[in-house]
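Below, chains carry the letters A, B, ... as their sequence lines are ordered, and counting in each starts from 1.
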Number of protein chains: 2
Amino acid sequence: MSDVNSTADAPRSPGRPRSVRADEAIIEATLDLLAEGSTIEALSIEAIAARAGVGKATIYRRWPGKDALLLDALRRLKGVVAQPAGHSVRDDLVLLVGAVGHNIDPRAERIMPCLVPEVNRSPDHFQLYQNIIEPRRKLMREVLRRGVASGELRADLDIEVAMALLTGPMLVQRLLRWHPDLDDRLLPEKVVDGVLDGLRAD
Amino acid sequence: MSDVNSTADAPRSPGRPRSVRADEAIIEATLDLLAEGSTIEALSIEAIAARAGVGKATIYRRWPGKDALLLDALRRLKGVVAQPAGHSVRDDLVLLVGAVGHNIDPRAERIMPCLVPEVNRSPDHFQLYQNIIEPRRKLMREVLRRGVASGELRADLDIEVAMALLTGPMLVQRLLRWHPDLDDRLLPEKVVDGVLDGLRAD
DNA sequence: GGGTTTCGATACGGCACCGGTTCGTATCGT
DNA sequence: ACGATACGAACCGGTGCCGTATCGAAACCC
């Protein structure tokens, strides 16, 4: 575990123990500031400290720098991966597609777009991002493969393209609100059904 | 025309005329800096002037501030809207889908992601963005309607959802490289064919 | 040539902010 | 009570930017 505040075997601390309250406040302040639109690079230890009602030293005591702090903070957003039921491929896809770009913490909705430039700029961050979403992608890949095996989906299906078709519309909607007058809640169903059935007239 | 350097009826200027070269250099410098990864907010008049080999006064003489300059600069990226041939709905869609997130200026590819946070933050910028892409959306909408009318596409087609299905995958790919191992050049065809035919086994 | 405007360059005052450290105090184990 | 550590606040040195002003040179019209 790379969390700074590791809860491993408590080493007898001689002096005053670290304030758990401060820990939480710092992380929360970081996420709040990001959610309010601050760019990653514009985010400063100073601002975080001020927002958290904490001295800067308290932050430097825990993290070596902004990057490490951000890493821990963003880890917070990563919700549990939804588990498909495994009955109907269609229903499983609806579930997974609905989870695309959806995070438990409502702040994530505002934060994720702000990370786009960073992810595009830095290969490291790009890789990190890929690592985070890979489990979810894998899940969808398996559902698709199951569909192919069961005959529900075309035998010659290109899995990667299919995933792009399914996740793209949702992601664009959640990230960019590209189509302002589409209903978020109904979209997963519509996307899955639309992609499954195709647009062509029978 | 909201361009600052309007070429309207030339009012006899008594003194030395504005240097067109400087005009160009300033815009180019702005785009270059953005393409190199500078955030919009991190972009400074000072940096632009330095990069353009221009005095700051020369910039302030033309634009009231950073925002106005940026507006003019970004206008440069907006390429000509591709015109569908009108023969096959499928081919027209391939053309339009291929144009999604594609700009003439190669720098746009680096710049657009950086604008995502800005567009999400400011309603004004969001509206501006919508205004820019609306013509292209309208084009696709018409092609889809044509397909419905001609019987090539289902009669009960939800146009807005269909557009999301078509543009979403491309945009995600171009903007986020969400699926790192998909080929950009072949994707438009694959997306259109995939969405048209659907994933379901016949 | 005279008048006018722009050119690039540089300088300016002022401001805001930032990173990291220091300081006196508060809170812990023993 | 004592030593050790963490706490928040305040401090320091430095950076960068903005928007304006000024400068000598240059480019234009008449």
Check your understanding: Minimum heavy-atom separation for A/Met112 to A/Leu175, with atom names?
Key -> CB-CD1, 4.0 Å

Check your understanding: Can you tell which of C/dC28, D/dC28, D/dC7 lies closest to the side chain of A/Pro17?
Key -> C/dC28

**Study point:** Any donor-acceptor pair under 3.5 Å from A/Arg137 side chain to A/Met163 backbone
**Key:** no

Review point. For A/Leu34, does its backbone N or O pair with a side-chain atom of A/Arg107 as donor and acceptor, under 3.5 Å?
Key: no

Practice item. Let me know the distance between CZ of A/Arg51 and C1' of D/dG8, rounded to the nearest Å. Key: 18 Å

Exercise for review: Would you kindly give the CD1-to-C1' distance between B/Ile26 and C/dG8, to the nearest whole Å?
Suggested key: 11 Å

Exercise for review: May I ask you to verify if any side-chain N or O of A/Arg62 is less than 4.0 angstrom from the OP1 or OP2 atom of D/dT5?
Suggested key: no

Check your understanding: Atom CD1 of B/Ile59 and atom P of C/dA9: how far apart are they, to the nearest Å?
Key -> 12 Å

Point to revise | Separation of D/dC7 C1' from A/Glu24 CD (nearest whole Å) | key: 18 Å

Check your understanding: What is the distance from CZ of A/Arg18 to P of D/dA4, rounded to the nearest Å?
Key -> 17 Å

Practice item. Would you mind reading off the distance between B/Arg61 atom CZ and C/dA9 atom C1', rounded to a whole angstrom? Key: 12 Å

Exercise for review: Examine distances only and state if a side-chain atom of B/Glu160 and a backbone atom of A/His179 form a donor-acceptor pair shorter than 3.5 Å.
Suggested key: no

Check your understanding: Atom OH of B/Tyr60 and atom C1' of C/dT6: how far apart are they, to the nearest Å?
Key -> 18 Å

Review point. Is it the case that more than 12 heavy atoms not belonging to A/Arg51 sit under 6.0 Å from its CZ atom?
Key: yes

Check your understanding: Does B/Arg16 get its side chain close enough to the base of C/dT6, under 3.5 Å, for a donor-acceptor pair?
Key -> yes

Practice item. Let me know the distance between CD of B/Glu41 and P of C/dC17, rounded to the nearest Å. Key: 12 Å

Revision key, fill the gap. Residue pair A/Lys66/B/Ala52 against DNA chain C: nearer the 5' end by closest nucleotide is B/Ala52

Practice item. Determine, for nucleotides 10-17 of chain D in 5'-to-3' order, which nucleotides have protein heavy atoms under 4.0 Å from the base (write B), from only the sugar-phosphate (write S), or from neither (write -). Key: -------S

Check your understanding: Does B/Thr58 put a side-chain nitrogen or oxygen below 4.0 Å from OP1 or OP2 of C/dG8?
Key -> yes

**Study point:** Pair A/Ser44, A/Glu46: side-chain N/O donor-acceptor within cut-off below 3.5 Å
**Key:** no

Exercise for review: Using a heavy-atom cut-off of under 4.0 Å over every strand shown, decide if A/Gly53 touches base, sugar-phosphate, or nothing.
Suggested key: sugar-phosphate

Exercise for review: Return the 5'-most residue of the pair B/Val54, B/Gly15 with respect to DNA chain C, ranking by each residue's nearest nucleotide.
Suggested key: B/Gly15

Exercise for review: Determine yes or no for a side-chain-to-main-chain donor-acceptor pair under 3.5 angstrom, with A/Arg174 supplying the side chain and A/Glu109 the backbone.
Suggested key: no

